[in-house]
There are 2 protein chains.
Amino acid sequence: MEKLVDEDLPETVDAETRVQGSGDHHAELRLWLRMLTCTNLIESEIRSLLRTRFDVTLPRFDLMAQLERAPDGMTLGDLSRRMMVSAGNVTGLVERLVQDGLVERRPAPGDRRSALVSLTDSGRASFETMAAAHADWVADLFSGLDAGDIDVLMGLLAKAKASARLAAEGAPQVSTQATLPKKDTADG
Amino acid sequence: MEKLVDEDLPETVDAETRVQGSGDHHAELRLWLRMLTCTNLIESEIRSLLRTRFDVTLPRFDLMAQLERAPDGMTLGDLSRRMMVSAGNVTGLVERLVQDGLVERRPAPGDRRSALVSLTDSGRASFETMAAAHADWVADLFSGLDAGDIDVLMGLLAKAKASARLAAEGAPQVSTQATLPKKDTADG
DNA sequence: TGGAGATATTTTAAACTTAAAATAATTCGG
DNA sequence: CCGAATTATTTTAAGTTTAAAATATCTCCA
């Protein structure tokens with residue numbers, strides 16, 4: 001399947017070319033497109049199921065999933081970092097979930113800038129039902145993979161994640177973007 | 001890293017439970033979260049680079065990438081299927097790209113419902129510059145993976161994709177959704 | 001202690017996105 | 001040929017998303 005990759009060629013390319021070269025990036029590009037397709041496919045399906053079965057949007061489900069693990073509440077900043085979305089986005093999502101009675105806000109003790117967000121009883125009950133179905137759907141979507149496949153995928157995705165983080169933070173293009181939130185996410 | 005997965009347990013669960021069960025879907029769930037994190041991380045970085053370097057949004061870049069492979073143009077429906085986004089979304093994106101002079105529309109010969117969309121000369125030139133940089137960025141983000149890793153990942157992602165498609169189409173929840181667009185995507 | 005810089009959040013404007021309904025044109029069986 | 005079903009696209013309304021600017025508060029060191 002990978003006839004384009006020649007394991008023997010890398011060292012024939014001089015260092016200068018490889019730093020920022022017009023090298024052969026075919027394999028990486030194809031990998032990226034496939035990853036994207038795979039993720040989009042699954043995400044679409046989950047989004048559609050959440051809507052038809054529970055009349056809830058994916059972002060709201062995701063936010064509630066974060067809160068479930070934090071019985072004492074999380075700040076909006078925590079949510080923003082964990083969900084990898086902008087702070088402004090979280091403000092709006094929380095607002096709408098509060099209106100629906102699924103989530104509540106209270107001032108954070110000791111920091112008047114900050115608010116703690118947590119699930120209401122209703123929100124928790126609602127989330128638990130959805131989460132069980134969600135887990136079934138995900139298991140179903142991945143049912144073509146055996147335990148070994150999953151293990152190997154987990155490992156390689158961890159490696160890819162580490163690589164991407166290093167590249168993104170290590171070579172911060174233009175203005176070093178030191179103020180961007182650290183990516184501290186849900187999967188470990 | 002995978003202490004939660006027990007390779008020996010699957011067959012101790014009876015068939016009924018596994019059909020729509022409250023089984024142990026931990027591994028699949030963790031895989032899904034990691035996939036999502038990995039994809040989001042890379043996508044964020046690319047989005048940010050496209051904006052700061054070329055002042056272009058990711059959806060516009062993606063649309064132009066589809067058009068580049070179709071010198072004779074594509075219909076909006078083709079674009080919608082390839083990009084895995086709704087038809088209405090494509091309408092708006094094309095509209096804005098036409099306004100920017102990067103893309104052009106013309107009536108499709110032989111079908112008055114349909115329009116063919118293609119890159120303008122300016123759009124093509126612009127895209128080629130961006131695509132080269134994009135390929136470099138992607139290669140950079142994945143530079144921690146060797147050729148073997150990429151090979152294995154490609155294979156497992158193909159397997160995951162096939163599994164997800166089968167689950168999504170084979171068990172179409174509620175109302176069989178026969179009218180949803182076939183997912184015919186860019187990566188093969 | 002004063003104030004510069006950092007941090008937490010909200011606001012704003014524009015773009016993106018979806019689902020569903022509405023239009024319009026095509027296809028095809030009878 | 002007719003009309004029902006299908007297909008291609010647009011429109012609509014609501015929600016999501018981002019980047020950037022604006023507020024408000026906190027930290028900390030000189």
Side-chain angles (χ1 to χ4, degrees), chain A residues 40 43-53 55-63 73-100 105-117 174-175 177-182, chain B residues 40 43-53 55-63 73-100 105-117 174-175 177-182:
Chain A
N40 285 341
E43 193 170 297
S44 289
E45 182 64 12
I46 292 175
R47 183 192 308 279
S48 158
L49 288 167
L50 282 173
R51 171 176 301 278
T52 62
R53 300 298 180 86
D55 193 33
V56 75
T57 64
L58 182 54
R60 290 182 197 199
F61 176 83
D62 285 344
L63 194 150
M74 297 172 75
T75 65
L76 293 167
D78 290 338
L79 282 168
S80 166
R81 278 181 290 275
R82 299 274 256 181
M83 299 176 69
M84 299 200 291
V85 301
S86 69
N89 190 356
V90 171
T91 296
L93 279 170
V94 165
E95 206 167 71
R96 290 184 288 270
L97 284 167
V98 166
Q99 278 179 354
D100 292 349
R105 287 178 63 129
R106 67 199 141 93
D111 189 339
R112 275 176 303 174
R113 295 168 302 178
S114 212
L116 285 180
V117 182
V174 172
S175 84
Q177 302 174 319
T179 57
L180 280 186
K182 284 283 176 40
Chain B
N40 284 341
E43 193 170 297
S44 288
E45 181 65 11
I46 292 175
R47 183 192 309 280
S48 159
L49 287 167
L50 282 172
R51 171 177 300 279
T52 61
R53 299 299 180 86
D55 194 33
V56 75
T57 64
L58 182 54
R60 291 184 197 199
F61 177 82
D62 286 343
L63 195 151
M74 297 172 74
T75 66
L76 293 168
D78 290 339
L79 281 168
S80 166
R81 277 182 290 275
R82 300 274 255 180
M83 298 176 71
M84 298 200 292
V85 300
S86 69
N89 191 354
V90 171
T91 296
L93 280 170
V94 166
E95 204 167 72
R96 290 185 288 270
L97 283 166
V98 167
Q99 278 179 354
D100 292 351
R105 288 179 63 129
R106 68 200 141 94
D111 190 339
R112 275 177 301 175
R113 294 168 302 178
S114 212
L116 285 180
V117 182
V174 174
S175 84
Q177 302 175 320
T179 56
L180 280 186
K182 286 281 176 41

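Below, each value reflects all heavy atoms present in this structure, side chains not excepted, and no hydrogens, waters or symmetry copies. The structure presented is a predicted model; accordingly, all values stated were derived computationally and were not measured. Every chain is numbered from 1, with letters handed out A, B, ... down the list of sequences.
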Each nucleotide of nucleotides 9-21 of chain D classed B (base within 4.0 Å of a protein heavy atom), S (only sugar-phosphate) or -, in 5' to 3' order, makes SBB---SSSBS--

Check your understanding: Hey, is the main chain of S44(A) close enough, under 3.5 Å, to the side chain of S48(A) for a donor-acceptor pair?
Key ->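 No, because the side chain of S48(A) does not come within donor-acceptor range (under 3.5 Å) of the backbone of S44(A).
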
Nearest-Å distance, [atom1] ([X]) to [atom2] ([N])?
X       : N       : atom1 : atom2 : value
I46(A)  : dT18(C) : CD1   : P     : 15 Å
D100(B) : dA15(C) : CG    : P     : 9 Å
D111(A) : dT7(C)  : CG    : C1'   : 8 Å

Original post:
Where do S80(B) and V85(B) come nearest, in terms of heavy atoms and distance?
Top reply: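 Distance-wise, the nearest heavy atoms are OG-O, 2.7 Å.
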
Where do R51(A) and T57(A) come nearest, in terms of heavy atoms and distance?
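In terms of heavy atoms, the two residues are closest at NH2-CG2, 4.0 Å.
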
side-chain contact (heavy atoms from CB on, under 4.5 Å) with V117(B): of L76(B), D78(B), L97(B), V90(B), only one passes, and it is L76(B)

Would you mind reporting whether N89(B) and M83(B) have side-chain heavy atoms less than 4.5 Å apart?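 Heavy-atom side-chain distance check fails, nothing below 4.5 Å.
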
